2 protein chains.
Amino acid sequence: MNEEIAAKCLSELGSPTRLSVFRLLVKAGPDGMVVGDIQRRLQIPASTLSHHIARLSWTGLVEQRRQGRQLHCSTRPGIMDDLITFLTAECCTGFDTADYADTTAA
Amino acid sequence: MNEEIAAKCLSELGSPTRLSVFRLLVKAGPDGMVVGDIQRRLQIPASTLSHHIARLSWTGLVEQRRQGRQLHCSTRPGIMDDLITFLTAECCTGFDTADYADTTAA
DNA sequence: ACTATATTTCTAGAAATATCGAAATATTAG
DNA sequence: CTAATATTTCGATATTTCTAGAAATATAGT
């Protein structure tokens with residue numbers, strides 16, 4: 001994980017639709033969900049959903065594996081942990097809130 | 001922090017330029033940095049940089065306070081912790097990598 | 001081969017975003 | 001008030017992204 005990849009992941013997860021899909025897959029666990037089930041659950045037109053899942057796939061956030069006519073989608077293991085580790089290490093101050101100037105004061 | 005706000009934050013941090021700015025401000029700590037210094041450091045045209053800082057401001061990721069002719073920018077305390085807490089709670093499986101089907105096998 | 005189901009690819013219009021120069025605004029100094 | 005500095009706003013263009021219908025592809029069953 002580096003800044004470039006992190007930005008890519010953040011950008012992909014930054015779409016409300018894709019974040020919903022991703023969260024759904026997280027909840028579904030290792031077995032994941034079939035595209036059709038995601039579609040029925042989120043009520044998104046198939047072509048639109050396919051577009052978003054494809055993007056999540058390119059970025060490596062989601063994996064797909066075919067089982068007969070269906071495509072099972074699941075979150076790629078470890079990717080979120082890597083991202084969070086990066087964010088914690090590189091994008092958190094370590095400073096306490098109290099260290100900051102209080103811009104809300106009159 | 002909820003899904004909507006999280007998506008907003010992720011989307012904003014998903015721009016390579018804005019992520020660089022944010023990381024620079026994180027490193028700068030509570031005192032933050034002046035816009036001009038960020039500009040000289042990242043070599044971005046002033047108007048472009050201003051646009052990105054404005055977006056980070058709207059989203060609440062960055063705060064600005066004027067001191068004379070200069071505008072000090074700093075990361076908004078706590079926001080990143082909130083985001084990471086959300087991601088950890090809502091977007092991490094808790095499953096171990098080994099629980100997933102190995103799609104890399106032959 | 002034919003049919004049904006599952007999903008993707010193609011296509012295109014609309015909306016959002018990025019980029020950056022030029023002009024405008026805010027602030028300080030003299 | 002004028003000049004200089006710091007930053008934003010405006011305006012215009014280029015690019016990306018979103019959305020979803022229509023057509024294409026893949027698979028399974030008969």
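Every heavy atom of this structure was used, including side-chain atoms; hydrogens, water molecules and symmetry mates were not. None of these values were measured; they are calculated from a predicted model. Note on naming: letters A, B, ... go to the chains in the order of the sequence lines (proteins, then strands), and numbering restarts at 1 for each one.
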- [ ] Check whether the side chains of B:Ser74 and B:Arg65 place a donor and an acceptor atom closer than 3.5 Å, and report yes or no.
- [x] yes
Task: Nucleotide C:dT19, atom C1' - distance to CG of B:Leu42 in whole Å - done: 16 Å
Task: Distance-only polar pair, side chains of A:Ser20 and B:Glu3, donor-acceptor under 3.5 Å - done: yes
Between N or O atoms, less than 3.5 Å apart, protein on one side and nucleotides 8-14 of chain C on the other: list the pairs.
unit_1 : atom_1 : unit_2  : atom_2 : d
C:dT8  : OP1    : A:Gln64 : NE2    : 3.0
C:dT8  : OP2    : A:Ser50 : OG     : 3.0
C:dT8  : O5'    : A:Ser50 : OG     : 3.2

Open item on the list: I need the CZ-P distance between B:Arg69 and C:dT27, as an integer number of Å.
Closed with: 11 Å
TODO: Name the nucleic acid region contacted by B:Arg18, choosing base, sugar-phosphate or nothing; use a 4.0 angstrom heavy-atom cut-off, strictly under.
DONE: sugar-phosphate
Task: Test applied, side chain to side chain contact (heavy atoms under 4.5 Å, CB included); reference residue, B:Cys9; option that passes from B:Ile79, B:Asp82, B:Leu87 - done: B:Ile79
- [ ] Using modelled atom types only, decide if a donor and an acceptor are shared between the side chain of A:Ser11 and the backbone of A:Ala7 within a distance under 3.5 Å.
- [x] no
- [ ] Give every residue pair that meets the salt bridge (Lys or Arg N to Asp or Glu O under 4.0 Å) criterion with at least one member in residues 45-60 of chain A, sequence neighbours excluded.
- [x] A:Glu12-A:Arg55
Task: Length of the CZ-C1' vector between A:Arg65 and D:dT27, whole Å - done: 18 Å
Only pairs under 3.5 Å count here: list side-chain donor-acceptor contacts from residues 36-47 of chain B, not counting sequence neighbours, and write none if there are none.
unit_1  : atom_1 : unit_2  : atom_2 : d
B:Asp37 : OD1    : B:Arg40 : NH2    : 3.1
B:Gln39 : NE2    : B:Ile44 : O      : 3.3

Task: Spacing of B:His52 atom NE2 relative to D:dT9 atom C1', expressed in whole Å - done: 15 Å
Open item on the list: So, using salt bridge (charged side-chain N to carboxylate O under 4.0 Å, His left out) as the criterion, who are the partners of A:Arg66 when residues are at least two apart?
Closed with: none
Open item on the list: Whole angstroms only, please: what is the CD-C1' distance between B:Gln39 and C:dT19?
Closed with: 14 Å
Task: Residue whose nearest DNA chain C nucleotide is more 5′ - B:Gln67 or B:Thr17 - done: B:Thr17
Task: Length of the CD1-P vector between B:Ile44 and C:dA18, whole Å - done: 12 Å
- [ ] Tell me which residues in residues 4-16 of chain B put a heavy atom below 4.0 Å from DNA chain D, sorted by number, or none.
- [x] none
- [ ] Report yes if at least one side-chain N or O of B:Arg55 is closer than 4.0 Å to OP1 or OP2 of C:dT17; otherwise report no.
- [x] yes
- [ ] Go through the structure and list residues passing salt bridge (charged side-chain N to carboxylate O under 4.0 Å, His left out) with B:Arg69, not counting sequence neighbours.
- [x] none
- [ ] Without swapping roles, check the side chain of B:Arg18 against the backbone of B:His52 for a donor-acceptor pair under 3.5 Å.
- [x] no
